[in-house]
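Contents: one structure, followed by commentary.
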Amino acid sequence: MSGDEFQQKLFRADTDAERAREFADQQDVIAGRETGRIKTNTRQNDDGGDTKARRKGKDTLEVLTNLQLLLQDTEYAALYRSVGELLGNAECETELALAAAEAELRDILSRSAKLPNGVAIFKDKDGNIRGADGKVIDTALAAEIVWPDDAPSYENYVQRRGRLDELRRYQVEVLGQARDRLEDHDDPPSMEELEDWERQIMDGAPEYVRSQIEPATPDERSVESGSLAVDAPKL
């Protein structure tokens with residue numbers, strides 16, 4: 001290693017160490033703690049060192065979003081993470097259930113009897129012939145229809161379509177709105193709102209989704225050290 005390379009390596013090491021100290025100071029200021037280095041600077045420069053450190057901490061807090069500030073509270077962070085995990089699981093299970101429900105509906109439509117124009121038709125429990133929209137088909141129009149042996153009933157079709165509609169409604173009206181609230185960094189949900197969304201995610205879930213998800217208990221809402229730490233922005 002040449003002398004110039006060695007000097008450059010020493011300079012980089014000194015710069016990295018200074019950056020690490022500056023970042024540590026920022027974290028201490030955010031948390032309201034004093035640091036040994038700030039105290040030393042204050043003694044060395046009583047005219048402005050301490051004021052400068054406080055101003056730097058204030059500027060850092062102003063850069064953080066409201067959500068990041070709330071996440072400094074351990075209890076809030078634990079509940080926020082718990083609801084976020086529940087929401088993520090519900091979104092995943094709903095996607096799987098939607099894919100299955102769509103496949104089942106396609107299968108029913110493929111096995112149904114068809115009018116000459118290709119429209120699917122079904123017989124209900126009373127013997128009426130109905131289209132997918134529920135309207136009764138003129139018996140004269142359906143007189144020449146050949147019914148497959150495994151043709152699904154109208155009730156079977158309605159049940160499968162209802163399941164699909166329920167999943168789509170839950171995905172949009174509950175999960176979609178919950179996701180929007182949890183990702184609003186400027187106007188984050190309160191503790192009470194987080195608990196309400198947790199209930200809505202569970203209570204609003206179709207049975208075949210609810211059976212696959214479970215909220216964390218208060219004892220399980222523990223945040224590992226640093227797992228939700230918010231990095232101080234560079235000023």
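Just so you know, these numbers use all the heavy atoms, side chains as well, and skip hydrogens, waters and symmetry mates. Owing to the predicted nature of the structure, the values given are computational and were not obtained by experimental measurement.
Counting heavy atoms from C-beta on, the side chains of Ile145 and Ile137 never come closer than 4.5 Å. Taking 4.5 Å as the limit, some side-chain heavy atom of Tyr76 sits within range of a side-chain heavy atom of Pro188. Within the 4.5 Å cutoff, side-chain heavy atoms of Ile129 are placed close to those of Trp147. Considering only heavy atoms from C-beta on, His185 stays 4.5 Å or farther from Asn66 through its side chain.
Panel note: side chain Tyr170, backbone Ile201; a donor-acceptor pair is recorded below 3.5 Å. With Gln177 contributing its side chain and Glu173 its backbone, the two residues share a donor-acceptor pair below 3.5 Å. A donor-acceptor contact shorter than 3.5 Å is absent between the side chain of Gln212 and the backbone of Tyr208. Distance alone, capped at 3.5 Å, is enough to place a donor-acceptor pair between the Asp124 side chain and the Asn128 backbone. Arg210 places no side-chain N or O within donor-acceptor distance of the main-chain N or O of Gly204, the cut-off being under 3.5 Å. Side-chain N or O atoms of Thr94 include one that pairs as donor or acceptor with a backbone N or O of Ala90 at under 3.5 Å. Lys114 contributes a side-chain N or O that, together with a main-chain N or O of Leu109, makes up a donor-acceptor pair within less than 3.5 Å.
Cluster annotation: Leu87 and Leu96 are assigned to distinct hydrophobic clusters (Ile/Leu/Val/Met/Phe/Trp/Tyr, side-chain heavy-atom contacts under 4.5 Å, transitive). Under the 4.5 Å side-chain heavy-atom criterion for grouping Ile, Leu, Val, Met, Phe, Trp and Tyr, Leu79 is connected to Leu71 within one hydrophobic cluster. No path of Ile, Leu, Val, Met, Phe, Trp and Tyr side chains, each step under 4.5 Å between heavy atoms, connects Val136 with Leu115, placing them in separate hydrophobic clusters. If you chain together hydrophobic residues whose side chains sit under 4.5 Å apart, Leu70 and Val83 fall into the same group.
Checking Glu95, Glu91, Glu166 one by one against Gln171, the side chain to side chain donor-acceptor pair (under 3.5 Å) holds for a single residue, Glu95.
Atoms CG and CG, from Asp186 and Leu67 in turn, are 9.5 Å apart once rounded to the nearest 0.5 Å. Note: Leu175 CG to Arg179 CZ = 9.0 Å, rounded to the nearest 0.5 Å. Rounding to the nearest 0.5 Å places CD of Glu220 at 7.0 Å from CD of Glu214. Going from atom CG of Asp150 over to atom OG of Ser112 covers 10.0 Å, rounded to the nearest 0.5 Å. Annotation: the span from Leu98 atom CG to Arg163 atom CZ amounts to 9.5 Å, rounded to 0.5 Å. Of the inter-residue distances, the one linking Arg106 atom CZ with Leu164 atom CG reads 9.5 Å to the nearest 0.5 angstrom.
Remark: the Asn89 side chain and the Glu93 side chain contain no N/O donor-acceptor pair separated by less than 3.5 Å. Of the N and O atoms on the side chains of Thr65 and Gln68, at least one donor lies less than 3.5 Å from an acceptor on the other residue.
Shortest non-hydrogen contact noted between Ala97 and Val209 is CB-CG2, 4.3 Å. When all heavy atoms of Arg161 and Leu105 are compared, the pair lying nearest together is N-CD1, 4.0 Å.
Ionic pairing of Asp107 and Arg111 is present here: one or more N-O contacts between side-chain nitrogen and carboxylate oxygen are shorter than 4.0 angstrom. A salt bridge between Glu155 and Lys125 is absent, with no side-chain N of the basic residue lying under 4.0 Å from a carboxylate O of the acidic one. Salt-bridge annotation for Arg168 and Glu102: present, with a side-chain N of the basic residue lying under 4.0 Å from a carboxylate O of the acidic one.
Within 6.0 Å of CG in Asp149 there are 12 or fewer heavy atoms belonging to other residues, nucleotides or ligands.
In this structure, Arg130 satisfies the cation-pi test against Tyr154, with its NZ or CZ atom closer than 6.0 Å to the six-membered ring centre and inside 45 degrees of the ring normal.
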- request: Mind running side-chain contact (heavy atoms from CB on, under 4.5 Å) on Phe122 and Val158 for me, showing each step along the way?
  value: CA-CA 10 Å; Phe122 309 89; Val158 168; over 6 Å; no
